[in-house]
Amino acid sequence: APPVKLKANCASRKSQNDASFTERVIAATGPNADRRLVEVMPSLVRHLHAFAREVNLTVAEWMAAVEFINECGRMSDDRRNETQLLCDIVGLESLVDEITSRMLATSNSETPSAILGPFYRQDAPLLPNGSSIVQNLIPSVPWYEQAVASSAFVTGRVLSSSGVPIKGAIVDVWHSAPNGLYEQQDESQPDMNFRGRFETDADGRYAFYALRPVPYPIPDDGPAGRLLSLLDRHPYRPGHIHFIVSAAGFRALTTQLYDEGDEYIAKDSVFAVKDELVVRFAPRDGDPDARWSLEYDFVLGRA
Ligand code: MBD
Ligand code: FE
């Protein structure tokens with residue numbers, strides 16, 4: 001009998017590595033699928049497949065990535081969101097923040113948003129205008145001198161996009177200590193240290209005492225930090241003060257202000273700096289409670 005002729009291995013066989021395979025995966029979607037998922041999943045699947053093809057992703061590399069994401073999840077709790085941090089260092093939180101605020105903006109005079117970040121806490125104390133978010137500043141705290149030298153009075157108004165002051169707006173503010181740690185990362189700090197909420201007066205004005213923020217490294221002892229070092233990147237963010245400004249009838253604004261002279265202003269490890277959010281602290285005379293002052297108005301868009 002004549003020898004069996006073996007078919008050439010690849011030539012005619014259907015391959016997973018082509019566009020029709022990708023479309024077959026997308027076409028598996030059923031008629032009762034969630035509407036938004038029907039919109040987004042085809043794009044996600046196409047980009048994922050294109051990525052894997054473009055870099056010739058191997059099974060070992062893909063499995064390492066799966067384990068990496070699992071590790072982020074295992075590490076996360078209500079004090080630390082490692083998966084969010086991973087998104088931050090690849091610019092994804094900043095990108096979706098920008099997409100969202102552009103989509104919802106009703107004018108172009110609104111204050112730009114910036115990302116929330118992983119250290120916001122709800123229910124910061126509601127404090128009277130003109131009071132301080134700095135708790136327990138006594139000479140025995142290790143960064144006492146630094147805190148005194150960076151003490152700052154922060155004030156401004158909350159305005160509608162046509163410039164009308166908004167009374168009763170809530171300015172929710174938080175920043176890290178001079179040691180670069182937010183209160184919940186640091187056992188030595190009192191609960192809710194460097195956090196407060198202030199209500200604007202009849203002129204739309206808020207006012208509080210705080211510290212000029214210092215640059216600090218994002219938590220880099222987990223998988224996100226490992227990725228940074230594999231990429232030969234530093235973990236620092238420029239010093240910043242976080243804000244959520246809200247008022248009835250207006251869209252809440254999540255944003256951050258940055259100190260002009262900060263050495264990391266142009267190299268934020270989470271890519272959140274915007275020009276309009278960079279501010280200059282001015283020397284303040286005759287106030288025993290503050291060496292610096294900052295004036296900044298927030299402009300909210302209609303809900
Ligand atoms: C932060 O303090 C922060 O504000 C962001 C956005 C990410 C990591 C740490
Ligand atoms: Fe922060």
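Worth saying up front: this structure is predicted, and the values here are computed from it rather than measured. In this chain, numbering begins with 1 at the start of the sequence shown. Note that ligands are numbered from 1 as they come in the structure, with each ligand's atoms numbered from 1 the same way.
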**Request:** Check if His242 has a non-hydrogen atom at a distance under 4.0 Å from any atom of ligand 1.
**Result:** yes
**Prompt:** How many degrees, to 10°, between His240 NE2 and Tyr182 OH as seen from the Fe ion (ligand 2)?
**Reply:** 90°
**Asked** Which atoms of ligand 1 have any heavy atom of Leu85 under 4.0 Å away?
**Response** 8 (C)
**Prompt:** Is Leu116 touching ligand 1 with its side chain, its backbone, both, or neither, if touching means heavy atoms under 4.0 Å apart?
**Reply:** neither
**Prompt:** Take atom CE in Met41; do more than 12 heavy atoms of anything else shown fall under 6.0 Å from it?
**Reply:** no
**Asked** Is the closest N or O pair between Tyr182 and ligand 1 shorter than 3.5 Å?
**Response** yes
**Prompt:** Would His240 count as a contact of ligand 1 if the rule is a heavy atom under 4.0 Å away?
**Reply:** yes
**Request:** Examine the side chains of Asp18 and Ser20 and answer whether a donor and an acceptor come within less than 3.5 Å of each other.
**Result:** yes
**Item:** Polar contact flag, side-chain donor to acceptor under 3.5 angstrom, Ser176-Arg237
**Value:** no
**Request:** Might you work through the ring-ring contact (aromatic ring centres under 6.0 Å, His included) test for Phe298 and Tyr206, ending with a clear yes or no?
**Result:** CA-CA 10 Å; Phe298 295 99; Tyr206 69 89; 5.8 Å; yes
**Request:** Using a strict cut-off of 4.0 Å, indicate which atoms of ligand 1 neighbour a heavy atom of Tyr216.
**Result:** 1 (C), 2 (O), 3 (C), 9 (C)
**Request:** Mark up the atoms of ligand 1 that fall under 4.0 Å of a heavy atom belonging to Ile218, in ascending order.
**Result:** 8 (C), 9 (C)
**Request:** Please could you name the atoms of ligand 1 that Arg237 approaches to less than 4.0 Å, counting only its heavy atoms?
**Result:** 1 (C), 3 (C), 4 (O), 5 (C), 6 (C)
**Prompt:** Is Val141 close to Gln135 at the side-chain level, that is, under 4.5 Å between some pair of heavy atoms?
**Reply:** no
**Request:** Taking the six-membered ring for Trp and the single ring otherwise, decide whether the centroids of His242 and Phe194 are under 6.0 Å apart.
**Result:** no
**Request:** Report the name of the N/O/S atom of His242 located nearest to the Fe ion (ligand 2).
**Result:** NE2
**Asked** Which of the atoms in ligand 1, numbered in the order shown and given with their element, are less than 4.0 Å from a heavy-atom of Asp88?
**Response** 7 (C)
**Request:** For Asn179 and Asp186, test the side chains for any donor-to-acceptor distance below 3.5 angstrom and give the result as yes or no.
**Result:** yes
**Asked** Strictly by modelled atom types, are Arg205 and Thr155 linked by a side-chain donor-acceptor pair under 3.5 Å?
**Response** yes
**Per-atom contacts of ligand 1 with Ile115, taking only distances under 4.0 Å to non-hydrogen atoms** = 6 (C)
**Heavy-atom gap Pro118 to ligand 1 smaller than 4.0 Å** = yes
**Asked** Are Tyr236 and Tyr264 close enough that their ring centres sit under 6.0 Å apart?
**Response** yes
